[in-house]
Participant: 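This is the structure I want to talk about, given as structure tokens.
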Number of protein chains: 2
Amino acid sequence: MATHDGSTRYHHGNLRPTLLSVARALLEEGGPAALSIREIGRRSGVSAPAAYHYFNSLDAIAAALAEQGFVELSESIDAALAGPRRNLLAGGIAYVAFARANPGLYRLMFGEGFQAYSKGNEAIRALRMQVYGQMKDDLEKRLTPEDVPNAALFLWSLTHGLALLMIDGQVEPGADPDAKVEDILKLAGMGLPAAR
Amino acid sequence: MATHDGSTRYHHGNLRPTLLSVARALLEEGGPAALSIREIGRRSGVSAPAAYHYFNSLDAIAAALAEQGFVELSESIDAALAGPRRNLLAGGIAYVAFARANPGLYRLMFGEGFQAYSKGNEAIRALRMQVYGQMKDDLEKRLTPEDVPNAALFLWSLTHGLALLMIDGQVEPGADPDAKVEDILKLAGMGLPAAR
DNA sequence: GGCATGATTTTAACGATGTAAAGATTAGAT
DNA sequence: ATCTAATCTTTACATCGTTAAAATCATGCC
């Protein structure tokens with residue numbers, strides 16, 4: 001079997017990271033459904049069962065990718081929250097921007113892709129909660145304590161929903177999607193416009 | 001092969017509806033990923049390729065289920081909008097209630113399940129837009145025209161996001177989920193609580 | 001009533017997938 | 001240099017979606 005640079009060593013030498021980056025490319029090409037252990041092996045220049053030395057299953061690869069995603073999303077939100085505008089709006093914009101830049105990954109992190117039911121996606125749920133906690137912590141600096149839980153869920157719902165609608169192509173693509181996101185998220189602070 | 005009532009006719013006699021209802025049960029048991037043409041056949045007391053007389057593919061079965069879902073969701077929203085409270089809040093509550101009552105179906109309608117990329121899920125996108133239009137129409141009776149587009153997307157994002165978070169078990173299950181939904185959706189009218 | 005026609009379903013088969021088991025190859029320590 | 005453990009391959013199995021061909025049934029026509 002040949003490595004992807006043409007040489008033909010028996011040992012790949014750098015397989016685990018290669019598998020992950022190939023998997024991630026696959027994920028962005030075709031969404032979570034396109035993740036395939038055989039295809040990952042093929043593109044990595046390696047036979048399919050080789051992956052089983054580093055991951056117990058295809059689901060384990062998906063979980064590793066999701067974990068990467070949560071780290072990156074978390075960093076991205078942190079950066080926005082610490083940036084020049086240091087407000088919730090900036091955090092929300094960063095959140096949606098991450099989803100738009102990594103739609104396959106975002107769907108993996110928050111969609112099915114793991115059997116949403118039955119199985120032990122307990123780890124994923126915890127990672128999601130961590131992101132939620134990040135928003136919540138920030139809200140605690142701004143609101144009275146009893147308002148926080150509902151405000152946090154409100155904000156998360158809005159941001160999550162907007163992110164999904166956008167990566168699902170459900171928002172008519174205007175000239176400047178970032179501006180659109182900002183317009184929508186701004187309404188969170190004011191509520192809907194007054195009735196006429 | 002035996003029918004599910006024990007008799008053993010060659011012709012099933014009522015196959016198409018049976019396939020759909022079995023598929024829907026499967027969908028709610030295990031989510032969109034659990035849809036399997038062979039399992040549908042098995043549970044319908046029929047061989048797998050029999051389904052191909054009524055549907056071109058597994059995706060076609062999924063599409064038919066999704067269509068059912070959109071009809072039901074639409075009716076449910078209409079009923080709420082025409083009901084005693086006849087306001088947007090009631091519509092939103094009905095929307096989320098539908099998702100909570102049919103989580104598998106809702107995920108099929110709005111999640112992946114169809115290859116979100118590449119393929120022709122154009123019909124699904126149109127059906128989604130129809131639901132969106134329903135909310136939008138109602139908003140038009142209440143707001144000045146230029147406010148409508150952003151308000152509609154705002155509302156849809158919030159409702160859709162909340163629905164998904166709830167059926168993903170991401171909202172700590174309190175005593176009364178319906179009340180929680182109402183609390184959150186109410187914030188859409190007022191905006192976030194004032195800073196302390 | 002007998003029979004042809006068309007609708008419905010079955011069996012058999014193909015290619016692809018995830019994964020397990022067993023063997024080959026290689027790197028690194030002693 | 002040899003032994004050991006890590007890494008990777010080949011082979012194999014069960015399952016899946018789907019196609020092709022054959023079997024069975026229902027129905028209208030004579």
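Below, read A as the first sequence line, B as the second, and so on, with proteins coming before strands; counting in each chain starts at 1. Being a predicted model, the structure only gives us computed values, none of them experimental.
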Participant: May I have the distance from A/Leu15 (atom CG) to D/dC8 (atom C1'), rounded to whole angstrom?
Facilitator: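 Spelled out: CG on A/Leu15 to C1' on D/dC8 is 9 Å.
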Participant: Give me the distances for all protein-to-nucleotides 12-16 of chain C N/O pairs that come in under 3.5 Å?
Facilitator:
none

Participant: Starting at the 5' end of DNA chain D, which residue's closest nucleotide do you reach first, A/His53 or A/Ala48?
Facilitator: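 On the 5' side of the pair lies A/His53.
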Participant: What's the spacing between B/Arg16 CZ and B/Ser44 OG if we round to 0.5 Å?
Facilitator: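 Output value for this atom pair is 13.0 Å.
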Participant: When you check the phosphate oxygens OP1 and OP2 of C/dG18, does a side-chain N or O of A/Ser36 lie under 4.0 Å from one of them?
Facilitator: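 Yes.
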Participant: Could you check whether atom CG of A/Asn56 has more than 12 heavy atoms from other residues, nucleotides or ligands sitting under 6.0 Å from it?
Facilitator: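 No.
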Participant: Using a strict cut-off of less than 4.0 Å between a Lys/Arg side-chain nitrogen and an Asp/Glu carboxylate oxygen, indicate whether A/Arg24 and A/Glu28 qualify as a salt bridge.
Facilitator: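 A/Glu28 and A/Arg24: not salt-bridged.
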Participant: Please name the pair of heavy atoms, one in B/Ile37 and one in B/Ser57, separated by the smallest distance, quoted to 0.1 Å.
Facilitator: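 Shortest heavy-atom contact: CD1-C, 4.2 Å.
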Participant: Give a yes/no answer on whether the side chain of B/Ser57 brings an N or O atom under 4.0 Å of OP1 or OP2 in D/dG17.
Facilitator: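 No.
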Participant: When all nucleic acid strands are considered with a 4.0 Å heavy-atom cut-off, which category describes B/Leu58: base, sugar-phosphate, or nothing?
Facilitator: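 If one applies the 4.0 Å heavy-atom cut-off, B/Leu58 turns out to touch the sugar-phosphate alone, with no base involved.
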Participant: Just to be sure I understand the rule, does A/Leu35 reach a base, reach only the sugar-phosphate, or reach nothing, if contact means heavy atoms closer than 4.0 Å?
Facilitator: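 Since only primed, P, OP1 and OP2 atoms lie under 4.0 Å of A/Leu35, the category is sugar-phosphate.
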Participant: To the nearest angstrom, how far is A/Ile40 atom CD1 from C/dT19 atom P?
Facilitator: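 Checked: the CD1 to P distance equals 11 Å.
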Participant: Side-chain N or O of A/Tyr54 versus OP1/OP2 of D/dC8: is the shortest distance under 4.0 Å?
Facilitator: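 Yes, within the criterion.
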Participant: When all nucleic acid strands are considered with a 4.0 Å heavy-atom cut-off, which category describes A/Gly13: base, sugar-phosphate, or nothing?
Facilitator: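 Sugar-phosphate: the residue A/Gly13, judged by heavy atoms under 4.0 Å, touches backbone atoms but no base.
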Participant: Just checking, any donor-acceptor pair under 3.5 angstrom between side chains of B/Gln134 and B/Ser74?
Facilitator: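 Yes, B/Ser74 and B/Gln134 have a side-chain donor paired with an acceptor closer than 3.5 Å.
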Participant: Can you tell me how far P of D/dT15 sits from CD1 of B/Ile37, to the nearest Å?
Facilitator: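 Distance check: B/Ile37 CD1 to D/dT15 P gives 18 Å.
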Participant: What is the nucleic acid contact for B/Phe55, judged by heavy atoms within less than 4.0 Å: base, sugar-phosphate only, or nothing?
Facilitator: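 Since no nucleic acid heavy atom lies under 4.0 Å of B/Phe55, the category is nothing.
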Participant: I'd like to know if A/Lys136 and A/Glu140 make a salt bridge, using a cut-off of under 4.0 Å between side-chain N and carboxylate O.
Facilitator: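 Salt bridge absent between A/Lys136 and A/Glu140.
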Participant: Return a table of donor-acceptor pairs under 3.5 angstrom between the side chains of residues 91-101 of chain B and protein atoms on other chains or two or more places apart.
Facilitator:
{"unit_1": "B/Tyr95", "atom_1": "OH", "unit_2": "B/Tyr106", "atom_2": "OH", "d": "2.7"}
{"unit_1": "B/Tyr95", "atom_1": "OH", "unit_2": "B/Trp156", "atom_2": "NE1", "d": "3.3"}
{"unit_1": "B/Arg100", "atom_1": "NH2", "unit_2": "B/Asp178", "atom_2": "OD1", "d": "3.0"}
{"unit_1": "B/Arg100", "atom_1": "NH2", "unit_2": "B/Asp178", "atom_2": "OD2", "d": "3.3"}

